[in-house]
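One structure is given here, and the rest of the page talks about it.
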Amino acid sequence: MKLATWNINSLTVRLPQVLDWLAANPVDVLVLQELKLTDDKFPTDQFAQAGYLSHSFGQKTYNGVALLSRTPATDVVKNIPGFDDDMARVITGTVSQGEGDGAQSIRVVGAYFPNGQEPGSDKFEYKMEWLKGLRSWLKEELVKHPRLLLMGDYNITFDDLDVWDPEGMRDAIHCTDEERYQLNALIALGLTDSHRLFPQPPKSYSWWDYRDAGFRRNRGLRIDHILVSQALKAQVKSCVIDKTPRKNERPSDHAPVVVELG
DNA sequence: ATGGCTCGATTGTCGAGA
């Protein structure tokens, strides 16, 4: 079973690329971030024709997330219960792994974490509060659903390995101690970074700035993550960042990340 | 380089992203 996350930076612009990618990479589950459209404009039919059922949680202009799956997702929840939020950032659902008597359910949380803009700003404070809200809810969610993945655009790097210029970006947004403390507090709930379970190419990133030939020069950050709960950790067979679509014309600035469960 | 691209909302220009 394969599950993927991808910040596509406008589904209106990127829909053909997402459909192409799914045709070439027929994953079982795909969570999307930054749809930048409302639910009435979500291309449900086109994903259905591609073999995917979808749940969207969009808003105008900014944010917006979706959960696509080959088999129906159940118990779908939008945003973080217990945390008041104007923005559409989280979509959660339960999907089935396997069929028949051996089938087991998996809880998938797809999330678009706040950017934070700049340490000390109002948006940074919102990011911190959002992260605390997420953790508080996830703690309970893990009790109800021990087999859980948290995947999406975290907008946080773990450490220097995730940053193309660690010295230049010291204490910059995505790299501050405060953000990393919150990320490690999620890890402390019993989650594991799938990426680091396996040998990875050096300087593996999931986002590159559009400006200044960031992708060509591999000036990037690893900010898109797939965290798995303790109950799923032993089943993780691979975790790969797919840079292929970043080479498209008019690409998203993010690459998809794919995890395989055995 | 208080920037560089890209997107949406707009239709000249700016906020936001990361």
Side-chain angles (χ1 to χ4, degrees), chain A residues 5-18 21 31-43 56-66 85-90 110-131 134 151-180 182-183 195 203-226 241 243 245-257:
Chain A
T5 176
W6 194 4
N7 178 324
I8 38 86
N9 183 18
S10 169
L11 186 56
T12 305
V13 174
R14 232 68 66 187
L15 177 62
Q17 293 185 42
V18 177
W21 189 82
V31 290
L32 298 172
Q33 299 91 39
E34 286 208 85
L35 306 180
K36 296 187 175 179
L37 48 72
T38 46
D39 289 338
D40 58 300
K41 295 190 171 66
F42 189 86
S56 70
F57 180 35
Q59 69 178 83
K60 196 175 177 178
T61 312
Y62 303 114
N63 310 310
V65 288
D85 200 347
D86 291 338
M87 304 185 198
R89 293 190 174 277
V90 186
Y112 176 47
F113 290 42
N115 173 293
Q117 202 166 54
E118 190 182 355
S121 67
D122 289 349
K123 292 192 172 72
F124 190 85
E125 287 309 307
Y126 162 70
K127 184 175 193 173
M128 292 297 114
E129 291 309 305
W130 189 94
L131 285 161
L134 175 70
M151 53 203 305
D153 175 1
Y154 284 59
N155 275 317
I156 307 175
T157 56
F158 277 93
D159 52 38
D160 286 356
L161 282 179
D162 294 342
V163 184
W164 72 274
D165 181 15
E167 291 309 317
M169 294 194 70
R170 185 80 55 210
D171 299 324
I173 195 66
H174 312 304
C175 305
T176 65
D177 290 343
E178 295 98 315
E179 292 165 280
R180 288 174 175 173
Q182 293 296 334
L183 180 53
H195 178 88
K203 304 184 187 299
S204 283
Y205 308 125
S206 65
W207 171 89
W208 300 261
D209 202 310
Y210 283 123
R211 297 167 293 188
D212 208 23
F215 181 69
R216 183 177 59 74
R217 301 159 89 174
N218 198 29
R219 295 183 165 188
L221 302 173
R222 191 174 72 94
I223 51 178
D224 300 86
H225 306 300
I226 299 178
I241 300 171
K243 291 161 74 168
R246 190 63 173 79
K247 299 166 188 168
N248 292 343
E249 272 187 59
R250 293 187 82 187
S252 168
D253 41 359
H254 294 254
V257 186

Measure from [atom1] on [X] to [atom2] on [N] and round the result to the nearest Å.
X: A:R211; N: B:dA18; atom1: CZ; atom2: C1'; answer: 8 Å
X: A:L15; N: B:dG8; atom1: CG; atom2: P; answer: 13 Å
X: A:N7; N: B:dG17; atom1: CG; atom2: P; answer: 11 Å
X: A:E179; N: B:dA18; atom1: CD; atom2: C1'; answer: 10 Å
X: A:K60; N: B:dA9; atom1: NZ; atom2: P; answer: 6 Å
X: A:D253; N: B:dC5; atom1: CG; atom2: C1'; answer: 9 Å
X: A:H254; N: B:dC5; atom1: NE2; atom2: C1'; answer: 13 Å
X: A:K123; N: B:dA16; atom1: NZ; atom2: P; answer: 4 Å

Answer yes or no: is there a donor N or O on one side and an acceptor on the other, between the side chain of A:R222 and the main chain of A:H195, under 3.5 Å? no

Measuring only the [atom1] atom in each nucleotide, how far is [N] from [M]? A whole number of Å is fine.
N: B:dC14; M: B:dG3; atom1: P; result: 13 Å
N: B:dG15; M: B:dG4; atom1: P; result: 14 Å
N: B:dG8; M: B:dA18; atom1: P; result: 14 Å
N: B:dT11; M: B:dA1; atom1: C1'; result: 30 Å

Students often get this wrong, so: under 4.0 angstrom with heavy atoms, is [X] touching a base, only sugar-phosphate, or nothing?
X: A:N155; answer: sugar-phosphate
X: A:F113; answer: nothing
X: A:D153; answer: sugar-phosphate
X: A:R14; answer: sugar-phosphate

Just checking A:H225 against A:F158, ring centres under 6.0 Å apart? yes

Select from A:I173 and A:P251 the residue whose nearest nucleotide in DNA chain B is closer to the 5' end of that strand. A:P251

Should [X] be listed as having a side-chain N or O under 4.0 Å from OP1 or OP2 of [N]?
X: A:R250; N: B:dC7; value: yes
X: A:Y205; N: B:dA18; value: no
X: A:T12; N: B:dC7; value: no

The side chain of A:T61 is closest to which nucleotide in this list: B:dG4, B:dC5, B:dA9? B:dA9

Selected nucleotide, minimal atom distance to A:K36 side chain, candidates B:dG8, B:dA18, B:dG17: B:dG8

Is a donor-acceptor pair below 3.5 Å formed from side chain A:N115 to base B:dA18, judging by atom type as modelled? yes

Option from A:N9, A:T61, A:N63, A:T12 for which side chain to side chain donor-acceptor pair (under 3.5 Å) with A:K36 holds: A:N9

Which distance, rounded to the nearest 0.5 Å, do you find between the NZ of A:K127 and the CD1 of A:I173? 4.5 Å

Among residues at least two apart in sequence or on other chains, which ones pass side-chain contact (heavy atoms from CB on, under 4.5 Å) with A:D165? A:E167

Would you kindly say whether A:N248 and A:Q17 are connected by a side-chain donor-acceptor distance under 3.5 Å? yes

